[in-house]
Amino acid sequence: MASPAQPAPRGGGKRKGKAQYVPAKRARRGDGAGPRQLEPGLQGVLITCNMNERKCVEEAYSLLNEYGDDLYGPEKFTDKDQQPSGSEGEDDDDVEAALKKELGDIKASTEMRLRRFQSVESGANNVIFIRTLGIEPEKLVHHILQDMYKTKKKKTRVILRMLPISGTCKAFLEDMKKYAETFLEPWFKAPNKGTFQIVYKARNNSHVNREEVIKELAGIVGCLNSENKVDLTNPQYTVVVEIIKAVCCLSVVKDYVLFRKYNLQEVAKSAQDPRPLDPKQAAQAGNGEEAKLEAGDRSNQNDPAEGKNSHQVPENSEEQGQAKPVSETQVANEGEAKPELASQVTEGSESNEKDLL
């Protein structure tokens, strides 16, 4: 009678013991000196590469540290002996005060261990994210591109694009709208003003609508100052929207057209031949070396893990001029933002993708 009851617990035990906790352990690796994956509240640099993420991280550290030392001086570290410690002579009976003091010491010690640049899990293939601390990402990345453009020196082999990320929030439309209202003020709130365009890219995300995001952000820029105008040829500012899974990365950059969409490979080429490519030349170049370099980004779109995002407009398809233009009538009829403004910005994000490699 006891024999029939034995197989059930044995089978159940095998199923129950199935490994299901690898992602959680991976997220908690390290010494606890900072976040290990991309999340809201971070600043940093988003970097795309051509299928070699480990080499990309090495190149990123080398490049960022070189120019970081140039702008901000060598990175400083505090000796353990100089770290704050609890005072032994204070109220021994006050346990609560002693505990708070100890927690403060631990927090201070953790902050001292944080490096200026730290790679974290981005959540997408061929994309790395370098978290920055005490650094202005836009200033640093612009300095790198400006120097490479002037010196004509190619300093990377696998890094493609290097985009500064000044703020991150949850990738839901309401969260993005609320965050952008404050985030965009330094550039576009009166008396500040400027010409602008909006570029959008989504990876591993299927719940955010591209047209809605562009329309809402354009409306916010227009509300901050009615003198902010769209310029699809050579804008003063480019609002970069990069969505990865459930995180939205935002930045406002300068010289986006001049520095070839912040593509380090193309900046080295453009420094040698600064003449902009027309669409036919761009298409021809796309069949050559640049097409090979952008293979990493294309593989992202074809990756099974990113199949859910197939309805989003791939950046590379826009660059080759294959993407269908957004319907102006649809954007204009949706309301809140000025119809002309919203439609123009939507066109701008695509037309610039076509014009530049």
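Fair warning: this is a prediction, and the values are worked out from it, not measured in the lab.
- Applying the ring-ring contact (aromatic ring centres under 6.0 Å, His included) rule to Phe188 yields the partners Phe196, Tyr237; only residues at least two apart in sequence or on another chain are considered.
- Note on Phe172: it does not cluster hydrophobically with Phe183, by side-chain heavy-atom contacts below 4.5 Å among ILVMFWY residues.
- Between Ser122 and Val120 the shortest side-chain heavy-atom distance does not fall below 4.5 Å.
- Between Cys248 and Tyr179, every side-chain heavy-atom pair lies at or beyond the 4.5 Å cut-off.
- Contact check for Met51 versus Asn126: side-chain heavy atoms found under the 4.5 Å cut-off.
- Note: the hydrophobic cluster containing Val158 does not contain Met162 (ILVMFWY, side chain heavy atoms under 4.5 Å, direct or indirect links).
- For Tyr67, the side chain to side chain contact (heavy atoms under 4.5 Å, CB included) test picks out Leu63, Leu140, His143, Ile144, Asp147, Met148, Lys155, with sequence neighbours left out.
- Here the shortest heavy-atom pairing between Ile128 and Cys56 reads CD1-SG, 3.5 Å.
- Of all heavy-atom pairs spanning Thr156 and Ile159, the tightest one is OG1-O, 3.7 Å.
- Looking at Asp69 and Arg116, a side-chain N of the basic residue comes within less than 4.0 Å of a carboxylate O on the acidic one, giving a salt bridge.
- Summarising the geometry, atom CG belonging to Leu173 is positioned 8.5 Å from atom CG belonging to Leu217; distances are rounded to the nearest 0.5 Å.
- A side-chain contact (heavy atoms from CB on, under 4.5 Å) with Leu46 holds for exactly one of Val240, Ile130, Ile244; it is Ile244.
- Between Glu59 and Arg157 no salt bridge is recorded (no basic side-chain N to carboxylate O distance below 4.0 Å).
- Both Met176 and Ile220 belong to a single network of hydrophobic side chains, linked directly or stepwise wherever heavy atoms of I, L, V, M, F, W or Y lie under 4.5 Å apart.
- Look at Arg203 and Glu242 and you find a salt bridge, because one of the NZ, NE, NH1 or NH2 atoms lies within 4.0 Å of a carboxylate O, short of that distance.
- Under the 4.5 Å side-chain heavy-atom criterion for ILVMFWY residues, a single connected hydrophobic cluster contains both Val199 and Val141.
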